[in-house]
Amino acid sequence: MSAVLSASGLHAGYGTGDILKGIDVALEEGRILTLIGPNGSGKSTLVKTMAGLLAARQGEVRFAGECVNDWSPPRRVQHGLAYVPQEYNVFRNLTVLENLRISHEFMGGGKGEPLSPELAALFPGLPARYGALAGNLSGGERQMLALACALTVRPKVLMLDEISAGISPLLSTAIFRTVKSINARGVSVLMVEQNAIEALGISDTCVVLAGGRVRFSAPAGEVLGMKDLQSLYLGDAREAGA
Amino acid sequence: MLQTAFNGLISGVIMTLPALAVTLLFGVLKFPNFAVGAMMTVAAYLAFALNAQLGWSLIAATAVVAIGFGVVCILIDQLTFKPLRGRSAITLMVASLGLGFILENLARFAYGNTARSFAIELARPFRFLDVRMNHEQMITFAISTAAMIAMWLLLTRSPVGRAMRAVADNPQLALVRGIDAERIIRWTWFITGMLLAVGGVLIGMDRALEPPMGSNYLVSVFGAAILGGLGSPLGAFAGALLIGVASELSTLVMPPNYRIGIPLAAIALVLVFRPQGLFGQPYIRK
């Protein structure tokens with residue numbers, strides 16, 4: 001199976017120092033890959049670099065067979081590389097409908113109904129909240145809206161940064177179920193997650209980052225079966241990988 | 001009293017377009033553009049050149065200058081503000097002050113300090129409810145109201161307007177929602193330029209064309225935008241009317257020279273008691 005999104009030898013960071021120090025990751029088409037690792041390991045930096053919000057200093061990001069290092073974030077999105085940031089992932093001073101409409105219009109969908117019947121079935125709670133200001137939504141509703149916005153134009157790849165952060169366990173389970181449904185519709189998913197157990201439960205592959213490098217990667221089921229799984233994302237990645 | 005209130009209403013209406021321009025630009029680029037006064041002056045002189053010097057009708061001159069000045073504003077942004085993108089609002093504000101000095105003195109260099117007027121036919125004022133109104137005032141009222149409605153429709157009903165609000169809300173998220181922020185910034189400057197050009201012509205119709213004509217309105221325009229709520233077109237309109245009427249009515253109880261205190265007092269009171277202004281939404285912070 002071919003990689004739809006990959007990073008090879010990727011270096012990126014803020015200021016003078018590199019946070020990513022030569023990352024190699026590949027997301028295969030139709031699969032779910034979860035990135036885990038301790039705080040500061042470079043997970044969010046990696047997805048930001050892949051989304052184009054941060055420049056690659058060395059190495060290459062390839063998407064759908066093309067090197068996209070020089071592509072702007074809007075160009076990546078319009079070619080099907082959707083990204084849901086960890087926080088502030090909706091336009092809080094716009095209504096729910098305006099959020100959906102703007103995503104649909106600018107991600108390449110043009111005019112027309114932003115929420116297709118397929119998406120309406122995935123996010124049944126959204127139409128009732130169309131007129132609400134997105135900033136007034138609950139945490140779960142906001143995450144659902146962010147997901148729906150990223151999907152208004154069917155992407156090839158969906159990158160999610162801590163989609164379950166700050167919401168109740170019940171809602172979190174619902175969100176992971178939704179992510180699995182999205183994947184079942186043919187969208188490849190790259191997730192950064194602290195909630196590793198639930199995330200790995202729906203994933204095909206797990207990649208563990210530590211110190212800006214890949215410590216190891218393995219099938220998600222295998223990682224889930226590890227006795228010392230917690231140490232992978234609480235900081236002792238080297239030991240767990242040994 | 002009624003006549004004074006009406007005159008104040010028209011003064012307020014004249015401020016609506018520059019107040020809209022201030023509120024729009026502040027929303028997207030997050031800095032107070034103190035060059036708006038001088039920009040209006042330059043645009044008004046350009047319309048004067050076409051109207052009084054080349055013999056065009058004022059309507060045609062205004063339409064051409066509005067579009068042309070929209071393009072000029074895009075160029076000003078590319079040369080002046082784009083290189084400073086990402087710097088603090090203070091840096092951009094200082095740059096706008098410098099730009100204002102340059103533009104105002106360009107107008108002074110070209111036309112001197114002598115007051116000039118547009119070539120428009122004088123028409124006899126008419127009376128309604130014992131209030132004397134002239135044709136220029138009616139035109140001013142109609143154009144400003146139409147511009148306010150057009151802006152509201154643009155911001156809420158068009159993709160470009162929604163994108164402007166999205167960039168104002170969260171520029172990074174706008175990028176990953178496929179919005180080309182630089183394109184939206186160019187649109188913002190274009191619309192700002194059109195508003196300022198028409199605003200400059202309206203001021204020139206009401207008063208006279210002279211180099212400080214735009215700068216004289218600066219405090220009132222910022223007062224109107226802040227009172228109405230920065231980012232709210234409806235607020236800019238209401239703020240401009242309130243400031244205009246209050247400033248004019250203040251001349252009944254104090255010397256006219258002190259009416260500049262009204263917008264200053266409005267800015268101070270709003271910032272203390274209702275920072276979002278009358279019609280602005282309490283901004284949901286990140």
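Chain naming here is simple, since letters A, B, ... match the order of the sequence lines and numbering starts at 1 in each.
- Interface with chain B: from residues 75-82 of chain A, residues V77(A), Q78(A) qualify, criterion being any non-hydrogen pair under 4.5 Å.
- Here the side chain of N170(B) pairs no donor or acceptor atom with the backbone of F91(A) at under 3.5 angstrom.
- Residues from residues 173-196 of chain B that place a non-hydrogen atom less than 4.5 Å from a non-hydrogen atom of chain A comprise L173(B), A174(B), L175(B), V176(B), R177(B), G178(B), I179(B), D180(B), R183(B), given in numerical order.
- Contacts of V90(A) with chain B are made by backbone atoms alone, with heavy-atom separations under 4.5 Å and no side-chain atom involved.
- When the shell of 6.0 Å around CZ of F123(A) is examined, it contains more than 12 heavy atoms from other residues, nucleotides or ligands.
- The shortest distance between side-chain heavy atoms of N93(A) and R165(B) does not fall below 4.5 Å.
- Atom OH of Y83(A) sits about 8.0 Å away from atom CD of Q172(B), to the nearest 0.5 Å.
- Other residues, nucleotides and ligands contribute at most 12 non-hydrogen atoms within 6.0 Å of the CZ atom of F273(B).
- Taking both residues in full, the closest heavy atoms of T156(B) and E98(A) are given as O-OE2, 4.3 Å, listed atom of the first, atom of the second, then distance.
- Remark: R87(B) CZ is loosely packed, at most 12 non-hydrogen atoms of other residues, nucleotides or ligands lying under 6.0 Å away.
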